[in-house]
Amino acid sequence: MAAAAEEIPKSVLILGSGVFGLSTAYSLTQNPKFANTSITLVDRSVFPAPDGASIDSSRIVRPDYADLPYARLAIEAQARWRNEWWGQQDVYHEPGLAVVVNKDESDNGNGDLGRKYMTDSMANVERCGLKPGKKSEGAATGKGGSSVGDFGYVNWRSGWADAEKGMRVLRARVEKTNRVNFLHASISRLQFSNDAVTGCETDDGKLLTADLIVLATGAWTPALLDLRGRCSATGQILSYIQITDAEQAALGDRPTLLNESSGLFIIPPVNNVLKVARHGYGYCNPTTIPHPEDASLGKITVSLPRTHISHPGLEIPEEGKKALRSFLAAVYPSLATRPFLNTRICWYTDTPRGDWLLSYHPRYKNLFVATGGSGHAYKFLPVVGDKIVDCLLGEPPAEFKDKWAWPERDVEDQVWTKDWRGGVKGMVLEEELKKGENKAKL
Ligand SMILES: Cc1cc2nc3c(=O)[nH]c(=O)nc-3n(C[C@H](O)[C@H](O)[C@H](O)COP(=O)(O)OP(=O)(O)OC[C@H]3O[C@@H](n4cnc5c(N)ncnc54)[C@H](O)[C@@H]3O)c2cc1C
């Protein structure tokens with residue numbers, strides 16, 4: 001019944017149809033070792049999940065990583081984004097990425113993390129044989145000493161992807177294989193024996209079973225498995241602004257702008273909508289739930305998503321609005337007062353080092369966990385499924401063997417990643433939302 005790494009399971013049940021789950025399903029269909037394996041992909045949302053991390057207008061695709069193995073893997077992914085199949089899907093665009101930092105990072109609360117990240121990324125990009133544009137002092141500074149950034153470089157071999165479209169075309173590609181059974185169901189609980197997962201309970205009272213369970217439920221994963229000190233949901237802010245045809249024509253082909261001191265970034269607009277967002281420490285949302293593996297152990301508190309689907313009308317906190325607004329004003333002064341068309345809190349699954357978690361569970365032998373995207377997994381959509389299947393087969397890429405392995409539990413239950421981020425560490429969503437309410441009452 002249980003699937004050790006070297007055994008080929010007769011049935012695989014993948015929970016979650018985001019980047020990790022969907023790409024795993026596709027890669028399994030392409031791997032001859034799994035030719036006789038039945039594959040089921042379950043998601044609680046009708047595809048595409050409106051609050052899934054993988055679904056949005058755009059995601060940055062950059063090899064600009066301070067960590068060399070991820071830089072190399074991103075280059076491998078880009079080769080596929082540009083290749084015959086992905087290259088024909090009109091998903092990936094390559095107008096470049098301008099990476100900037102502020103001269104003084106002290107008010108960003110992240111020390112010189114952003115500057116170090118930028119310098120190391122640039123070195124890695126060069127090490128990988130790419131030629132970033134010259135590092136330029138002051139070139140990115142906006143009017144009035146704004147927070148656009150003071151110096152940085154452009155990598156003309158970076159780009160962005162239409163995230164939702166990328167997921168849609170991959171989904172259609174998976175459907176075409178006729179190998180995957182798609183199920184619309186919400187998993188309320190995994191059933192555990194001492195050393196295995198014996199079934200997955202759905203909200204409507206069904207029990208799903210398989211030789212191998214792949215848990216890829218993104219930021220909701222800590223509701224199904226005790227991941228304290230290993231994975232936490234952190235809420236990240238996004239805003240969208242309506243622009244005119246003329247503005248779309250003027251801005252559409254510009255490089256993405258990413259300030260690595262503040263984490264704020266602007267991706268080129270699509271269909272007259274400009275996106276301003278922040279790659280930050282985000283907000284945690286502490287939620288007390290029965291211990292997901294054994295209710296007799298009492299309750300635990302973990303950070304879980306709160307989204308516009310679970311909480312209709314949810315807006316981003318005032319501090320987030322202010323940060324996005326001031327970056328927009330600095331970069332595009334003519335758009336400074338344009339109202340937000342929409343805002344959204346989107347949830348990362350953060351890990352202590354920013355490494356993904358792609359590993360069998362050390363205790364439950366037929367449970368493979370594929371999560372921990374840490375805000376940077378989308379760009380790997382064309383390759384990550386293959387890597388997950390390598391890990392399933394007990395053959396992780398050598399340079400990622402330790403990074404993706406089951407991690408030690410961090411000292412703190414709530415993970416505030418040590419990976420590079422902008423913004424303030426330690427914000428609690430509820431508290432930040434209340435600050436806005438109180439201000440409104442004054
Ligand atoms: C705001 C934001 C900006 C980002 N920007 C970038 C970027 O520029 N570049 C980049 O490379 N990456 C970026 N990322 C990261 C990237 O998008 C994520 O790492 C990746 O999408 C995570 O995929 P996932 O499969 O883990 O999660 P998800 O896409 O969230 O998938 C999880 C799925 O599980 C389903 N699910 C959850 N619970 C259950 C349940 N109980 N039962 C059944 N189904 C369930 C959900 O409906 C969902 O479809 C960003 C992420 C966010 C949030």
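One-based numbering, in listed order, for ligands and for the atoms of each.
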Measuring from non-hydrogen atoms of [X] to any atom of ligand 1, is the shortest distance under 4.0 Å?
X	answer
G375	yes
A370	no
T349	no

Over 12 non-hydrogen atoms of neighbours within 6.0 angstrom of CG in D294: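 Counting other residues, nucleotides and ligands, CG of D294 exceeds 12 neighbours.
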
Test: R228 and D410 ion pair at under 4.0 Å: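 Looking at R228 and D410, the cut-off is not met.
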
Residues E94, R82: salt bridge by 4.0 Å N-O rule: yes

When you measure from atom 30 (O) of ligand 1 to each heavy atom in A53, P48, S17, which option holds the nearest one?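 When every heavy atom of A53, P48, S17 is considered, A53 comes closest to atom 30 (O) of ligand 1.
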
Tell me which one of L15, V19, I14 gets a heavy atom nearest to atom 25 (O) of ligand 1.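 Looking at heavy atoms only, V19 sits closest to atom 25 (O) of ligand 1.
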
Do [X] and [Y] have a side chain donor and acceptor closer than 3.5 Å?
X	Y	answer
S158	D64	yes
T234	Q236	yes
K379	Y70	no

Can you find an N or O of [X] that's nearer than 3.5 Å to an N or O of ligand 1?
X	value
I60	yes
Y348	no
D51	no

Per-atom contacts, ligand 1 versus [X] - under 4.0 Å to a heavy atom:
X	value
G373	19 (O)
K379	9 (N), 10 (C), 11 (O)
A377	11 (O), 12 (N), 15 (C), 16 (C), 19 (O)
C346	1 (C), 2 (C), 52 (C), 53 (C)
W220	30 (O), 37 (C), 38 (N)
A216	32 (C), 34 (O)
S45	47 (O)
S186	42 (N)

Provide, to 0.1 Å, the distance between [atom] and the closest protein heavy atom, together with that atom's residue and name.
atom	result
atom 26 (O) of ligand 1	F20 CD1, 3.1 Å
atom 41 (N) of ligand 1	I187 O, 2.9 Å
atom 12 (N) of ligand 1	Y378 N, 3.2 Å
atom 31 (O) of ligand 1	G18 CA, 3.4 Å
atom 5 (N) of ligand 1	R59 CD, 3.2 Å
atom 20 (C) of ligand 1	S54 OG, 3.8 Å
atom 39 (C) of ligand 1	T217 CG2, 3.6 Å
atom 35 (C) of ligand 1	D43 OD2, 3.2 Å

Is a donor on one side and an acceptor on the other found under 3.5 Å between the side chain of S27 and the backbone of T24? no

Taking the six-membered ring of W420 (Phe, Tyr or Trp), confirm whether the NZ or CZ of R115 is under 6.0 Å from its centre and within 45° of its axis.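 The answer is no, since R115 fails at least one limit relative to W420.
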
Verdict with supporting geometry, F380 and V383, side chain to side chain contact (heavy atoms under 4.5 Å, CB included): CA-CA 5 Å; F380 301 95; V383 295; 4.1 Å; yes

